[in-house]
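Let me begin by presenting the structure, written as structure tokens, before commenting on it.
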Amino acid sequence: KNFLRCSASNFSFTLQTMAASAADEIDMDALTLTEDEAVRAHTLDSLASMRTEGSKLASQKIGDHSGKLAVQGRLYGWYETTGVLKGSMLRFYSSPEDIVLDSPHQTLNVGGCQASLCSDDKHGRKFCLEIVISNPRSVHAVGAESAAAAEEWMRVLNTVQPAEQVLEGHKGRLTEEQSAALQALRAALGDEASAASDADLLRFLRSSNWVVDKAKVLFTECMLWRKQFNVANLTINHVVRELQCGKMRLLASKDKLGRPIMVAQPGKHNPKTSSPLEVSKLFTYTMEVAIKSMEGDVESVVAIVDFNGMSPRSVDLRVPRIILETAQQRYPERIGLILIVNAPWFFRFIWATVRTFLSPRLLEKVHILGSDMQTLQAFIPPERLLQEHGGTVVWTAEEFSQSRAKAEGVQLTDSAAASAVLEGGIDQSLLATLRQLPASETKSGAVKFGYLTKLGGVVKNWKKRFFVLSESGLLYYYKDDKSPAPQGVILLERSTVGDSDEKPHAFSIVTPLRSFIVYGSNDAERDEWKKAIGDVCATL
């Protein structure tokens with residue numbers, strides 16, 4: 001509803017942002033504000049379709065229990081939602097579209113809660129019940145459709161148990177099949193896994209759904225990436241500039257389970273001054289420091305994503321894509337919980353794209369909490385949260401940088417000079433994938449360049465792209481031959497080229513972690529590209 005009420009310019013800008021996201025286009029400055037009635041009509045039809053689908057879902061049983069619930073807002077009184085209980089999480093969806101997008105307005109952790117019926121005059125509404133959550137204590141009033149519905153919600157909520165802290169598939173909780181998979185993976189990796197603990201290998205197995213061959217590839221690629229990205233030599237000096245804006249912070253406090261707390265604020269990211277390389281270094285450094293701070297059986301971090309200060313014009317989809325790809329491929333199972341707060345009105349459209357970057361396992365760990373910090377405090381006690389989230393913790397980039405420099409035994413110095421040294425040790429092919437090189441530069445001296453049509457990795461549609469093949473084993477693809485930055489780069493090392501029946505004149509490029517499908521205008525063009533790419537792969 002908020003989306004439809006906004007001005008025509010914002011409406012159109014959001015449409016184009018969504019379209020750019022779906023096409024993997026990330027140059028937000030290239031977008032223009034128009035009022036294309038055809039696009040608007042098409043999107044209204046899409047919203048109507050989502051509303052119809054969401055209404056059907058709302059009329060069915062979703063999760064463990066679901067039904068209409070009214071929620072008492074702090075500013076606008078009562079408003080109607082669809083309540084969905086799944087596990088220990090009670091989610092409130094304010095519209096049918098939100099159900100389809102899985103974008104709840106609010107989420108409550110009701111494990112171990114106490115629910116009770118209220119008199120009609122206590123909250124000025126019939127069929128009302130209160131949900132009391134402990135640690136920290138908070139009280140939430142909700143309204144059911146009828147007395148019978150209120151009693152059923154009370155019965156169900158009072159039986160919800162706190163989430164199990166020791167999960168299946170972890171050390172000490174393995175089935176016979178999982179134990180056999182662990183032994184098989186260690187045997188398959190041989191000396192490569194000599195320094196890896198059972199807990200390390202189990203993370204790769206869980207992430208790969210216990211498919212040993214897949215876990216082996218993921219582990220091997222991760223170890224290779226650590227060498228190529230020069231992770232062992234990454235220090236505070238390489239990220240100190242990025243830390244100053246506060247877009248990513250690691251707190252000294254831990255959550256109830258002893259997990260490190262990471263706070264990300266996308267609204268503080270400036271795509272004009274911060275490159276994908278700098279974002280990748282900052283996230284990698286933060287994860288490395290967090291892992292070193294883990295004690296006992298703790299294996300994961302809690303990520304609070306705060307959208308405060310976010311505007312449509314500051315959206316940079318490179319950031320979540322880089323972070324989520326790195327998290328899932330290089331740090332599998334290291335993200336234990338993602339808590340999203342202060343989501344803006346246009347978040348549902350960002351989320352529609354961003355959620356496609358998440359694996360089903362990681363998607364289950366995401367909770368959209370709204371702007372009520374009491375809800376956040378149900379997950380993390382206030383004394384362990386930042387002041388801006390209703391807590392008492394104070395974090396400054398200067399204090400954090402100095403403490404890390406002392407711990408690492410380094411002298412804080414100019415970040416640009418330090419980064420130049422670090423980047424000298426990063427694999428140049430990997431470095432090139434994170435730099436925004438224009439098409440005019442990469443096609444100079446290229447082995448081959450030209451237009452091909454590519455199947456999207458997220459949204460499965462076909463888009464014509466300008467490809468540039470370098471002899472160093474990089475295959476860039478751009479929106480066109482004048483683009484200032486690539487939309488993606490394919491690393492051809494350990495890749496193969498094969499046939500595809502997806503389209504006439506199509507062929508596939510299979511990398512260790514992903515497959516790409518493209519097609520040319522005729523068989524001759526397809527064969528020329530296959531030979532050129534195959535010849536480059538053979539030299540790597």
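What you see is a predicted model; the values in this text were computed from it and never measured. Heavy-atom basis, side chains included; hydrogens, waters and symmetry copies ignored.
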> So, does Asn158 use its side chain to make a donor-acceptor pair with the main chain of Ala115 at under 3.5 Å?
Replying inline: yes
> Going from CG on Leu282 to NE2 on His238, what distance comes out if it is rounded to the nearest 0.5 angstrom?
Replying inline: 13.0 Å
>> For Ser274 versus Val279, what's the shortest heavy-atom pair and its separation?
In response: OG-CG2, 3.7 Å
> Heavy-atom distance under 4.5 Å between the side chains of Cys245 and Asn270, does that happen here?
Replying inline: no
>> Rounded at 0.5 Å granularity, tell me how far OG in Ser88 sits from CG in Leu157.
In response: 11.5 Å
> Is there a side-chain contact between Val298 and Leu257, using heavy atoms and a 4.5 Å cut-off?
Replying inline: no
> Quick check: are there more than 12 heavy atoms from other residues, nucleotides or ligands sitting under 6.0 Å from NZ of Lys254?
Replying inline: yes
> Any side-chain heavy-atom pair from Met373 and Val341 closer than 4.5 angstrom?
Replying inline: yes
>> Between Glu408 (side chain only) and Ile236 (backbone N and O only), is there a donor and an acceptor less than 3.5 Å apart?
In response: yes
>> Measuring from atom OG of Ser207 to atom CZ of Phe204, what distance do you get when rounded to the nearest 0.5 angstrom?
In response: 8.0 Å
> Is it true that a side-chain atom of Asp306 and a backbone atom of Asn342 form a donor plus acceptor pair closer than 3.5 Å?
Replying inline: no
> Hey, is CD on Glu398 packed in by over 12 heavy atoms from elsewhere, all under 6.0 Å?
Replying inline: no
>> By the definition side-chain contact (heavy atoms from CB on, under 4.5 Å), identify the one residue from Leu385, Asp255, Leu369, Val302 that meets it with Phe379.
In response: Leu369
> Which distance, rounded to the nearest 0.5 Å, do you find between the SG of Cys113 and the NE2 of His140?
Replying inline: 9.5 Å
>> To check you understand the geometry: which heavy-atom pair defines the closest contact between Val301 and Ala290, and what is its length?
In response: CG1-CB, 3.7 Å
>> Gln329 vs Trp225, test: side chain to side chain contact (heavy atoms under 4.5 Å, CB included). Steps then yes/no.
In response: CA-CA 10 Å; Gln329 296 176 8; Trp225 168 81; over 6 Å; no
>> Just so I know, are the side chains of Met248 and Glu242 near enough to count as touching, which here means a heavy-atom distance under 4.5 Å?
In response: no
> For Ile322 and Pro276, which heavy atoms make the closest approach, and how far apart are they?
Replying inline: CD1-CB, 3.2 Å
> Near Asp297 CG, under 6.0 Å, is it more than 12 heavy atoms from other residues, nucleotides or ligands?
Replying inline: no
>> I'd like to know if Lys68 and Glu80 make a salt bridge, using a cut-off of under 4.0 Å between side-chain N and carboxylate O.
In response: no
>> Restricting to non-hydrogen atoms, name the atom on Leu363 and the atom on Arg355 that form the minimum distance, rounded to 0.1 Å.
In response: CD2-NH2, 3.6 Å
>> Below 30° counts as parallel, above 60° as perpendicular, anything between as tilted: where do the rings of Trp395 and Phe400 land?
In response: tilted
> Under a 4.5 Å cut-off applied to non-hydrogen side-chain atoms, are Arg91 and His367 in contact?
Replying inline: yes
>> To the closest 0.5 Å, what do you measure between CZ (Phe357) and CG (Leu362)?
In response: 13.0 Å
>> Rounded at 0.5 Å granularity, tell me how far CD1 in Ile133 sits from CD in Gln114.
In response: 11.0 Å
>> Would you say that Arg203 contacts Asp200 through its side chain, given a criterion of any heavy-atom pair below 4.5 Å between the two side chains?
In response: yes
>> For Arg330 and Thr284: C-alpha separation, side-chain torsions, deciding distance, then whether side chain to side chain contact (heavy atoms under 4.5 Å, CB included) applies.
In response: CA-CA 9 Å; Arg330 314 310 182 191; Thr284 300; over 6 Å; no
> Less than 4.5 Å apart, any side-chain heavy atom of Gln328 and any of Leu324?
Replying inline: yes
> Does the salt bridge (charged side-chain N to carboxylate O under 4.0 Å, His left out) test come out yes or no for Arg155 and Glu151, once each step is laid out?
Replying inline: CA-CA 6 Å; Arg155 183 192 66 78; Glu151 289 179 0; over 6 Å; no
> Any donor and acceptor pair, going by atom type alone, linking the side chain of Gln178 with main-chain N or O of Thr175 inside 3.5 Å?
Replying inline: yes
>> If you compare all heavy atoms of His170 against all heavy atoms of Leu202, which two are closest, and at what distance to 0.1 Å?
In response: C-CD1, 4.1 Å
>> Testing the basics here: between Phe92 and Gly83, what is the closest heavy-atom pair and its distance to 0.1 Å?
In response: CD2-CA, 4.5 Å
> Salt bridge check: are Glu325 and Arg321 linked by an N-O gap of less than 4.0 Å?
Replying inline: yes
> Could you walk me through whether Arg384 and Leu251 pass the side chain to side chain contact (heavy atoms under 4.5 Å, CB included) check?
Replying inline: CA-CA 8 Å; Arg384 306 178 191 182; Leu251 308 187; over 6 Å; no
> So, Glu333 and Arg361, do they make that salt bridge, N to O below 4.0 Å?
Replying inline: yes
>> Evaluate Met89 against Glu364 for side chain to side chain contact (heavy atoms under 4.5 Å, CB included), listing each step before the verdict.
In response: CA-CA 11 Å; Met89 298 299 163; Glu364 290 179 353; over 6 Å; no
>> Looking at Asp64 and Gly87, would you say the former's side chain and the latter's main chain have a donor-acceptor pair under 3.5 Å?
In response: yes
> In terms of side-chain heavy atoms, does Ser197 have a donor or acceptor partner in Lys171 at a distance below 3.5 Å?
Replying inline: no
>> Are Val160 and Leu90 packed together at the side-chain level, in the sense that at least one heavy-atom pair is separated by less than 4.5 angstrom?
In response: no
